[in-house]
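Each remark here refers to the structure printed beneath this line.
Heavy-atom basis, side chains included; hydrogens, waters and symmetry copies ignored.
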Amino acid sequence: MTMLRIAAAAAAVLAVTAPAAAQEGRFQIKAFATAVLPDGKIDTVVTNRLGVGPTAQTRATDSVVPTIAAEYFVSPNFSIETICCVTPHDVRGTGGLAGARLVNNAIILPATVTAKLHFDLGGLKPYVGAGPSRFFIFGEGVGANARTLGVTRVNLTDSFGAALQAGFDLPINDRGLGLSVDAKRYFVGTTARFFNGNTVALETKHDLDPWVVSAGIAYRF
């Protein structure tokens, strides 16, 4: 009778612990190669002492950088994720300013937190997400063509925005390693101020609205 009780107790322990051992971890780290593809334009001209024409437009250059994402699974199908990266961009003229070098080497830190909903399609795990973002912009320098117009300093303001997200994770072994592909569309802007001394010579409001596309390795633990 004692042996039966021991066997029953062992079976109960196995029944409780076996599912837990099969569960995936709550944390996931991803190492990505990321393309940042701005899709913005001048939205409003506030001040124009430089006499920039009505057909003038601008674009921020694309950038490819390494990024890291950290994710916590609140439940198997719901997680919170943040990313870490900085991305450099120049600003060039288009339209009536075609080819003009306006801003050099503006560095953007896109602080972002997204809430993600996950699905399981028999191994392939797609997800969608959304959340707030704040773009911190620093290090911007005056481009060569802006300098010839008397611009001595340029400032791109930090700004709040939002991001939509979609992608998928694909496990490649049973030890937490996987592949991941991710795409985000940001909706965020900035105000650009070009100074001549202490005077604002040109002030414009811009949409930045970049696509951010990433692919890399994931590890869940």
Original post:
Distance from D182 atom CG to K30 atom NZ, nearest 0.5 Å?
Top reply: 6.0 Å
**OP:** Working to the nearest 0.5 Å, report the span between CG of D43 and OG1 of T204.
**Re:** 10.0 Å
**OP:** Treating Ile, Leu, Val, Met, Phe, Trp and Tyr as nodes and any side-chain heavy-atom pair under 4.5 angstrom as an edge, say whether L177 and L179 lie in one connected cluster.
**Re:** yes
**OP:** Kindly indicate whether a cation-pi arrangement holds for R134 with F136, taking the cut-offs as under 6.0 Å to the six-membered ring centre and within 45° of the axis.
**Re:** yes
Original post:
Side chains of T190 and F135: does their closest heavy-atom pair fall under 4.5 Å?
Top reply: no
Original post:
Does the side chain of V46 come within less than 4.5 Å of R193's, by heavy atoms?
Top reply: no
Original post:
V91, L109: one ILVMFWY side-chain cluster at the under-4.5 Å cut-off?
Top reply: no
**OP:** May I ask you to decide if R101's main-chain N or O and N145's side chain share a donor-acceptor pair within less than 3.5 Å?
**Re:** yes
Original post:
Looking only at heavy atoms, what is the nearest atom pair of Q28 and A218, with distance?
Top reply: OE1-CB, 3.9 Å
Subject >> Single hit among R220, R26, K116 for salt bridge (Lys or Arg N to Asp or Glu O under 4.0 Å) with E71 >> reply: K116
**OP:** Specify the closest pair of heavy atoms between Q57 and L97, including all atoms of both residues, with the distance to one decimal.
**Re:** O-CB, 4.1 Å
Subject >> Heavy-atom closest contact (N104 atom, A144 atom, distance) >> reply: ND2-N, 4.4 Å
Subject >> CG-CG distance between D39 and L208, expressed to the nearest 0.5 angstrom >> reply: 10.5 Å
Subject >> same_hphob_cluster(I68, V113) at 4.5 Å side-chain heavy-atom cutoff >> reply: yes
Original post:
Just one of T58, T191, T44 clears the side-chain contact (heavy atoms from CB on, under 4.5 Å) bar with H206, so which one?
Top reply: T58
Subject >> Aromatic ring pairing F27/Y72, orientation class (parallel under 30°, perpendicular over 60°, tilted between) >> reply: tilted
Subject >> Distance, nearest 0.5 Å, that separates CG of L37 from CG of D62 >> reply: 4.5 Å
Original post:
With a 4.5 Å limit on heavy-atom distance, are the side chains of N155 and F195 in contact?
Top reply: yes
Subject >> Verdict with reasoning, T114 to T112, per side-chain contact (heavy atoms from CB on, under 4.5 Å) >> reply: CA-CA 7 Å; T114 53; T112 306; 4.0 Å; yes
Original post:
Between the side chains of Y127 and N77, does any donor sit under 3.5 Å from an acceptor?
Top reply: no
Original post:
Do any N or O atoms from the side chain of N196 and from the backbone of T199 form a donor-acceptor pair under 3.5 angstrom?
Top reply: no
Original post:
If only atom types and distance count, is the side chain of S63 paired as donor or acceptor with the main-chain N or O of P88 below 3.5 Å?
Top reply: yes
Original post:
Between D169 and S180, is any side-chain donor less than 3.5 angstrom from a side-chain acceptor?
Top reply: yes
Original post:
For A192 and L156, which heavy atoms make the closest approach, and how far apart are they?
Top reply: CB-CD2, 3.4 Å
Original post:
Picking from F168, F78, F73, what satisfies ring pair (Phe, Tyr, Trp, His ring centres under 6.0 Å) with H118?
Top reply: F73
Original post:
If you group Ile, Leu, Val, Met, Phe, Trp and Tyr by side-chain heavy-atom gaps below 4.5 Å, do I83 and I137 land in one group?
Top reply: yes
Subject >> Residues, nucleotides or ligands: over 12 heavy atoms within 6.0 Å of N173 CG >> reply: yes
**OP:** Kindly compute the distance separating CD1 (I107) from CZ (F138), expressed to the nearest 0.5 Å.
**Re:** 6.0 Å
Subject >> Nearest heavy-atom neighbours spanning A56 and I42 >> reply: O-CD1, 4.0 Å
**OP:** Would you please test E203 and R49 for salt bridge (Lys or Arg N to Asp or Glu O under 4.0 Å) and show each step?
**Re:** CA-CA 9 Å; E203 180 176 338; R49 292 189 175 91; over 6 Å; no
Subject >> Pair D209 + K41: basic N to acidic O under 4.0 Å >> reply: no
Original post:
From T152 OG1 over to F194 CZ, what is the distance, rounded to the nearest 0.5 angstrom?
Top reply: 11.5 Å
Original post:
Taking all atoms of both residues into account, what is the closest heavy-atom pair of V188 and P210, and its distance?
Top reply: CG1-CD, 4.2 Å
Original post:
Is there a donor-acceptor contact under 3.5 Å linking the side chains of Q165 and E81?
Top reply: yes
Original post:
Transitively linked via ILVMFWY side-chain contacts under 4.5 Å: V142 with L50?
Top reply: yes
